[in-house]
Amino acid sequence: MAVNKTVLLVDDSRVARMMTRKMIETDRPGWQVVEAATGEEALEVYSRVLPDFVIMDVNMPGMGGLEATKRLKAVYPQAVVTLLTANIQDPVREQAEEMGVGFMSKPVRGDVLMAFLSVDEE
């Protein structure tokens, strides 16, 4: 039996969070999805919830996703994070690789999202 996991969804767009949440809940019934709208909120929620996965938007007001991910990985090196961005330029992709985190482009595709959420099932 599959263990239910927790996903932290970080995006300043409520619509983007709703769409991604729906994909997760449809494909992974029983999983918990917690949300944050800023990098600062993501760090606070992560420390409280300790989710199995983090989907982090890159461009957000205040602390952006790259900075939030750097801080998160500094404290929780085991965190499983993927960056999510409409800005698919190489520098962002390279920074993701340097930090050892995933990279997904917006709008998120269901197959790509589910592949990320399956990384520890192999």
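Atom-to-atom distance recorded for Glu41:CD and Asp12:CG is 11.0 Å, nearest 0.5 angstrom. Note that CG of Asp57 and OG1 of Thr38 are 11.0 Å apart. Values are rounded to the nearest 0.5 Å. Rounding to the nearest 0.5 angstrom, the gap separating the OG atom in Ser13 from the CE atom in Met18 is 9.0 Å. Note: Arg71 CZ to Leu66 CG = 12.5 Å, rounded to the nearest 0.5 Å. Atom OG1 of Thr26 is separated from atom CZ of Arg21 by 11.5 Å, given to the nearest 0.5 angstrom.
Every residue two or more places apart in sequence or in another chain was checked for a side chain to side chain donor-acceptor pair (under 3.5 Å) with Gln95, and none qualifies. Every residue meeting the side chain to side chain donor-acceptor pair (under 3.5 Å) condition with Arg17, not counting sequence neighbours, appears here in chain and number order: Glu35. The side chain to side chain donor-acceptor pair (under 3.5 Å) test applied to Arg93 returns no partner, not counting sequence neighbours. Scored by the side chain to side chain donor-acceptor pair (under 3.5 Å) test, Glu40 finds no partners at all (sequence neighbours excluded).
Minimum heavy-atom separation, Val54 to Phe116: O-CZ, 3.7 Å. Heavy-atom minimum distance, Ala42 versus Leu8: O-CD2, 3.7 Å. Closest approach of Leu83 to Ala96, counting heavy atoms only: CD1-CB, 3.6 Å. In terms of heavy atoms, Met104 sits closest to Val108 at SD-CG2, 3.8 Å.
Side chain of Glu67 to backbone of Met63: no donor-acceptor contact under 3.5 angstrom is found. In this structure, the side chain of Asp52 engages the main chain of Thr6 through a donor-acceptor pair within 3.5 Å.
Transitive grouping of hydrophobic side chains (ILVMFWY, heavy atoms separated by less than 4.5 Å) brings Met114 and Leu84 into a common cluster. Using a 4.5 Å cut-off between side-chain heavy atoms of Ile, Leu, Val, Met, Phe, Trp and Tyr, with links allowed through other members, Leu50 and Val45 fall into the same hydrophobic cluster. Follow the hydrophobic side-chain contacts under 4.5 Å out from Val49 and you reach Met56 in the same cluster.
With Ile55 as reference, Ile24 is the one residue of Asp11, Ile24, Val33 to meet the side chain to side chain contact (heavy atoms under 4.5 Å, CB included) rule.
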Original post:
Going through the checks in order, is the side chain to side chain contact (heavy atoms under 4.5 Å, CB included) test met by Val7 and Val34?
Top reply: CA-CA 6 Å; Val7 180; Val34 291; over 6 Å; no

**OP:** In sequence, state the C-alpha distance, the side-chain angles, and the governing distance for Val92 and Thr85, and then conclude on side chain to side chain contact (heavy atoms under 4.5 Å, CB included).
**Re:** CA-CA 9 Å; Val92 174; Thr85 183; 4.1 Å; yes

**OP:** Go through Leu113 and Thr20 one step at a time and tell me if the side chain to side chain contact (heavy atoms under 4.5 Å, CB included) criterion holds.
**Re:** CA-CA 9 Å; Leu113 178 62; Thr20 308; 4.0 Å; yes

Subject >> Steps toward side chain to side chain contact (heavy atoms under 4.5 Å, CB included) verdict (Phe53, Lys5) >> reply: CA-CA 8 Å; Phe53 299 99; Lys5 306 274 186 167; 4.3 Å; yes

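Other cluster members for Met19: Val15, joined by side-chain heavy-atom distances under 4.5 Å among Ile, Leu, Val, Met, Phe, Trp and Tyr.
Using modelled atom types and a 3.5 Å distance limit, the side chains of Arg28 and Ser118 yield a donor-acceptor pair.
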Compile the donor-acceptor pairs under 3.5 Å between side chains in residues 72-82 and protein atoms, sequence neighbours left out, one pair per line.
unit_1: Lys73; atom_1: NZ; unit_2: Pro77; atom_2: O; d: 3.1
unit_1: Lys73; atom_1: NZ; unit_2: Ala79; atom_2: O; d: 2.8
unit_1: Thr82; atom_1: OG1; unit_2: Gly102; atom_2: O; d: 3.4
unit_1: Thr82; atom_1: OG1; unit_2: Phe103; atom_2: N; d: 3.0

